[in-house]
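What follows is a short report on a single structure.
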Amino acid sequence: MMRINLKLMCLCVCICLVFLSVSIWTRCGGEIPSFSPSFRIESFRRAQSLNSGNENGAFEEIDCHINGDYSIPCRKEGDEVYLPFSFIHKYFEVYGKMAVYDGYMRFEWSHSYSKVYFPKGRYDPRGVFLYFENYNVELRERVKCISATEGVPVSTQWESTGYYYPTQVAQFGLAHYSKNLTEPEPRSRIFDDGLTVFGNWSGKVSRENRHLVFNKRENESRDVHMLMDHVLDFVLTVELLLKAGDNSSFTVVLQSREKNEAWNLHYSCNSPLIHSEHQDVYHRIECNEGKWSFLVRDLLVDLQKGLAAQMKPKKKLLRSKFKVTAIKLGGSGKLANLTLSSSRHLEQFYLAADWLVKHQNPVTGGWLNPVRRKGPHGMKDLLPGWLSAMGQGHGMSLLARAYHKSKRPEYLKAGLLSLRPFHADSSSGGVLAHFMGSLPWYEEYPTEPPSFVLNGFIYSLIGLYDLLTLVPKSHEATVLFNQGMDSLKKLLPLFDNGSGSNYDLRHFALGAAPNIARWDYHATHVNQLLLLATIDNHTVLSSTAERWLGYMSGKRAQHN
Ligand SMILES: *[C@@H]1O[C@H](CO)[C@@H](O)[C@H](O)[C@H]1NC(C)=O
Ligand SMILES: *[C@@H]1O[C@H](CO)[C@@H](O)[C@H](O)[C@H]1NC(C)=O
Ligand SMILES: *[C@@H]1O[C@H](CO)[C@@H](O)[C@H](O)[C@H]1NC(C)=O
Ligand SMILES: *[C@@H]1O[C@H](CO)[C@@H](O)[C@H](O)[C@H]1NC(C)=O
Ligand SMILES: *[C@@H]1O[C@H](CO)[C@@H](O)[C@H](O)[C@H]1NC(C)=O
Ligand SMILES: *[C@@H]1O[C@H](CO)[C@@H](O)[C@H](O)[C@H]1NC(C)=O
Ligand SMILES: *[C@@H]1O[C@H](CO)[C@@H](O)[C@H](O)[C@H]1NC(C)=O
């Protein structure tokens, strides 16, 4: 396998790279003690045959013996030895790919695969949340669908049937808030508002105030529909009041512009959360008699989730490849304010805020995680109902913004209530732990013993900061923020491993091997520290951020 890679890829990279230890090179150079004669002849033959096909005739193929354990094929050219990149990639976890531009082919090497976002100025809780304008929560594989009853994502991360994961609901809302501030103004077209635009509905309908009324019983033979030919903008909003007894539904027909293929996206009273077969995708909506429901649907996301449910290819669906050709109304009900837009970020943000208000425990102020989470080795499982400082913090970040934007008192109330778990021990239903019995820490996962996850802790600090900035007189948030920042400054060095960062402190808590942060978490640490450094210029924040940034391009702490 290695040999095929070698020949196919031809990706030989000069080995005189700083981090490769001299001893390996000397060994590759040929001074390998346990070098069997048969091997020697084999590699000589290979070198001969290769050389004869090589115009320069410059290299010969030799074996590299790795730590005295095993061999891989290398090439020798003069005094230089070249190792296959596929080996270097695995051994050192570095990344590379061929790139062709400006008429040249080159090999691009990178030490890490993640990106750091540099703050554009002092962090402002009224503005974008970190770099979340780049997030697309709904397209994540572990998002089963966007619930049509709640308008927020349903996760399958720890339970495949799906559940609401408060951290993810808040991330969805914060991403849409951030996109509202960074994306161009949306295009929007009204199809029926009962005032300026009246839909061209076929079938029997009537009007009542500004609503359209349709009723199956009056004509059993035909459903009501409106034909259209709408391209590019696929975020639909509508207000519906469907009659549950009549198996009522609202259906959008989405057609491929290239193939003669159409899908029916049904929003219906009698469907499970999401269900999909053949060309039909069903989402459940709430059909409470007398209560309007407000739908904001990204139709391409709904189709993508439907296809994923059928195990069809899940690749991103392109807006240019589809059009909306019809809307159909089944059963009986009322409809108002039907539009299609390029985006509806603020509405989706408020759906997440409303979910948080509705699902907060009124006594503890917590957003429960309704699933069991397996504890890392040596720790007990978290039982359904656990709270996360990260979920609480994200909730605060969202509600503080919702309150700032709307001034609605329920957002303020829920934001302040979400502080309560920060006073209760993580061992008894809260999120508060203490390092060595003294320094307070807010736990992303309330494990026993505490795990001290860094990124979740910092997200909770950002939530506290958002709340204390946007909510008047939040003395409690100020105290919690200050004591948390104090712990962070003292404990941050324990997360530094000299060439990367640790995800948590389980090596301390359990005496286990350290849990090294993979590069995207390491990059998150750097992003978070850069942000905190704009609001608190304590040097440990900025100097750690800078050193950790260096680790991402191969810099390392000095050894003695
Ligand atoms: C953002 O929200 C404002 C309302 O506060 C709206 O007028 C604007 O069009 C929205 N922009 C985007 C890109 O969503
Ligand atoms: C209304 O829709 C019908 C088909 O359902 C179509 O024939 C007719 O041209 C449409 N009228 C307008 C004004 O768009
Ligand atoms: C039902 O609709 C069909 C087609 O529009 C029409 O021919 C028929 O007369 C209608 N029946 C009633 C009872 O309204
Ligand atoms: C309800 O409507 C769906 C289409 O939306 C249809 O497939 C199903 O058979 C209907 N069920 C009943 C009981 O009428
Ligand atoms: C439709 O939109 C208008 C204007 O935004 C609003 O006043 C009305 O309440 C909406 N209709 C329904 C049924 O909510
Ligand atoms: C420190 O982290 C880096 C980056 O993930 C990793 O490659 C390295 O093995 C770690 N070092 C130690 C001593 O754990
Ligand atoms: C950093 O903080 C110190 C003391 O709080 C202050 O005097 C100084 O001006 C700050 N520097 C910057 C660059 O904000």
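Ring pair Phe85/Phe107: centre-to-centre distance below 6.0 Å. Checked against a 6.0 Å centroid threshold, the rings of Phe172 and His176 count as neighbours. Residues Trp355 and Tyr164 place their aromatic rings such that the two centres sit under 6.0 Å apart. Annotation: Tyr403 is not in aromatic contact with Tyr411 [ring centroid separation under 6.0 Å not met]. In summary, the aromatic rings of His345 and Tyr177 are positioned with their centroids too far apart to meet the 6.0 Å limit.
Under a 4.0 Å N-O distance rule, the pair Asp466/Arg401 qualifies as a salt bridge. The pair Glu133-Lys179 fails the salt-bridge criterion, with no side-chain N (NZ, NE, NH1 or NH2) lying under 4.0 Å from an Asp/Glu carboxylate O.
For the ring pair (Phe, Tyr, Trp, His ring centres under 6.0 Å) criterion with Phe435, the lone passing option out of Trp441, Phe457, Phe508 is Phe508.
Side-chain atoms of Tyr442 and Gln483 include a donor-acceptor pair closer than 3.5 Å.
Under a cutoff of 6.0 Å and an axis angle of 45°, Arg106 and Tyr101 form a cation-pi pair.
Distance alone, capped at 3.5 Å, is enough to place a donor-acceptor pair between the Gln392 side chain and the Gly365 backbone.
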### Query
When you look at Phe129 and His394, which way does the ring-ring contact (aromatic ring centres under 6.0 Å, His included) test go after all the steps?
CA-CA 10 Å; Phe129 184 76; His394 271 357; 5.5 Å; yes
### Task
Test ring-ring contact (aromatic ring centres under 6.0 Å, His included) on Trp548 and Phe495 and set out the steps.
CA-CA 10 Å; Trp548 289 9; Phe495 289 88; 7.4 Å; no
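Using a 4.5 Å cut-off on side-chain heavy atoms (C-beta onward), Ser451 and Met379 make contact. The shortest distance between side-chain heavy atoms of Val116 and Met552 falls below 4.5 Å.
Listed by first and then second residue, the side-chain hydrogen bond (donor to acceptor under 3.5 Å, both in side chains) pairs that reach into residues 507-520 are Asp504-Asn515, Arg518-Asp520, sequence neighbours excluded. Among pairs with a residue in residues 417-429, none fulfils salt bridge (charged side-chain N to carboxylate O under 4.0 Å, His left out), at least two apart in sequence or across chains.
With sequence neighbours excluded, the residues satisfying salt bridge (charged side-chain N to carboxylate O under 4.0 Å, His left out) with Glu347 are Arg344.
Taking a 6.0 Å sphere around CD of Glu159, one finds it holds more than 12 heavy atoms contributed by other residues, nucleotides or ligands. For CD of Glu183, the number of neighbouring non-hydrogen atoms (other residues, nucleotides, ligands) closer than 6.0 Å is greater than 12.
Of all the heavy atoms in Ser487 and Pro440, the pair that sits closest is OG-O, 2.6 Å.
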